[in-house]
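Atoms considered below: every heavy atom in the structure, side chains included; atoms not considered: hydrogens, waters and symmetry mates. Quick note on labels: first sequence line is chain A, next is B, and so on, each numbered from 1.
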2 protein chains.
Amino acid sequence: MEHDIRERLDAFIKKKGLRKTSQRDEIVDIIFANDEHFTPDELFDRLRSAGSRASRATVYRTLSLLSEANLIHEIDLGDGQTTYDPNFIDRPTHNHLVCVDCGKVVEFEDDHLDLLNDCVTRRLGYRPVSQNLRIEAACEKLRNTGGCPDLLQARLNGKRLPNRKK
Amino acid sequence: MEHDIRERLDAFIKKKGLRKTSQRDEIVDIIFANDEHFTPDELFDRLRSAGSRASRATVYRTLSLLSEANLIHEIDLGDGQTTYDPNFIDRPTHNHLVCVDCGKVVEFEDDHLDLLNDCVTRRLGYRPVSQNLRIEAACEKLRNTGGCPDLLQARLNGKRLPNRKK
DNA sequence: CTGATTGCAAATGCTTTGCACGCCA
DNA sequence: TGGCGTGCAAAGCATTTGCAATCAG
């Protein structure tokens, strides 16, 4: 799988007349080492931890490149940060639900939703290109316990919560 | 209607122990003078044109206030700008479709979509709070003419188009 | 009076860019 | 060798904030 991604990147690079570099490889490897969303800054930290010397500028430039190549997607989690999602290769139409209390992100797919979006778009006289749905919601347990179970954990991690201002 | 909005603002201000000011009134008046989306900067320009002396800082502070009061909503049009929408009072669950060619924004409502979002959310074990859907699409005419009919107009207006980098 | 609000300018935070050097093809 | 890619530091931009003055209740 990761191998497949390297191939896709190489193909894109070749098609555009660009060049293969160690920084680009390192960045792709780190991104797809797991399926976590990330901000440019978080990615930069992961790179440093992994021993890569790639600069912030290169991180930003490479993220643009990978977006263009459709290997990652920019997503809007409502927290004012540019966040990237590496999971669109496996699930091209997935959406995101964000817990309003702890900021936990749940990915989900729904064929009915995809179909309905398609219909709505056509009815408006347009041809669908892409859809971006973010649901903000509170977990059921909140009603009983008065707090999202992941809330404390989120605070410890210093996560930015939705609805909080930049 | 506009009168109604002033009342809502006053109620919110009273409830929070805040104060009524001429700047806040001016800003609300300009925002709801039409139903257009706007960025903080565009709003600032409109204020200046209308003779208001409110500062940028006050514009930002008031936009936060109005968001909190639910009189306007921040929306994501995919162009990296913070955009505000004054139309959620009339249509609390509307969504946005953005033309990928000219950036034209179409607002639409769909009960099926709302219902489905609600179902999906509950199935995941959450209680719905809000939904944010943006559809990117190309108008049908594009296939024939090779260009969105509003494209030229958009370029003339210096609009930022979706997919274009900040 | 008292504290909320404003305007200004400085500070912030994220992202992009200019440039000289280095490296891939 | 040509020119794309990189790192660095500086520049850009949108937004926030500290502070003293002002104003509403």
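- Along DNA chain D, the nucleotide closest to B/R61 and the one closest to B/T21 are compared, and the more 5′ of them pairs with B/R61.
- The B/Y60 side chain lies nearest to D/dT16 when the options are C/dT5, D/dT16, C/dT15.
- Taking side-chain N and O atoms only, B/T58 has a distance below 4.0 Å to OP1 or OP2 of C/dG7.
- Counting only heavy atoms from C-beta on, A/T82 has its side chain closest to C/dT15 among C/dT2, D/dT15, C/dT15.
- Heavy-atom neighbours of A/D111 CG from other residues, nucleotides or ligands within 6.0 Å: at or below the threshold of 12.
- The side chain of A/R19 lies closest to D/dC4, out of C/dT2, D/dG7, D/dC4.
- Nearest to the side-chain atoms of A/Q23 among the listed nucleotides D/dC4, D/dG7, D/dT15 stands D/dG7.
- One finds a side-chain N or O of B/R24 lying less than 4.0 angstrom from the OP1 or OP2 phosphate oxygen of C/dT5.
- Aromatic ring pairs are classed by plane angle as parallel below 30°, tilted from 30° to 60° and perpendicular above 60°; the pair B/Y84 and B/F38 is parallel.
- For the pair B/I13 CD1 and C/dG3 C1', the computed distance is 15 Å after rounding to whole Å.
- Following rounding to the nearest Å, B/D45 (CG) and D/dA14 (C1') show an atom-to-atom distance of 14 Å.
- In this structure, of D/dG3, C/dC14, C/dT15, it is C/dC14 that holds the atom nearest to the side chain of A/Q81.
- In this structure, B/D10 does not pair ionically with B/R6, as no charged nitrogen and carboxylate oxygen lie closer than 4.0 Å.
- Heavy-atom nearest nucleotides on DNA chain C were determined for B/G17 and for B/A57, and the one closer to the 5' end corresponds to B/G17.
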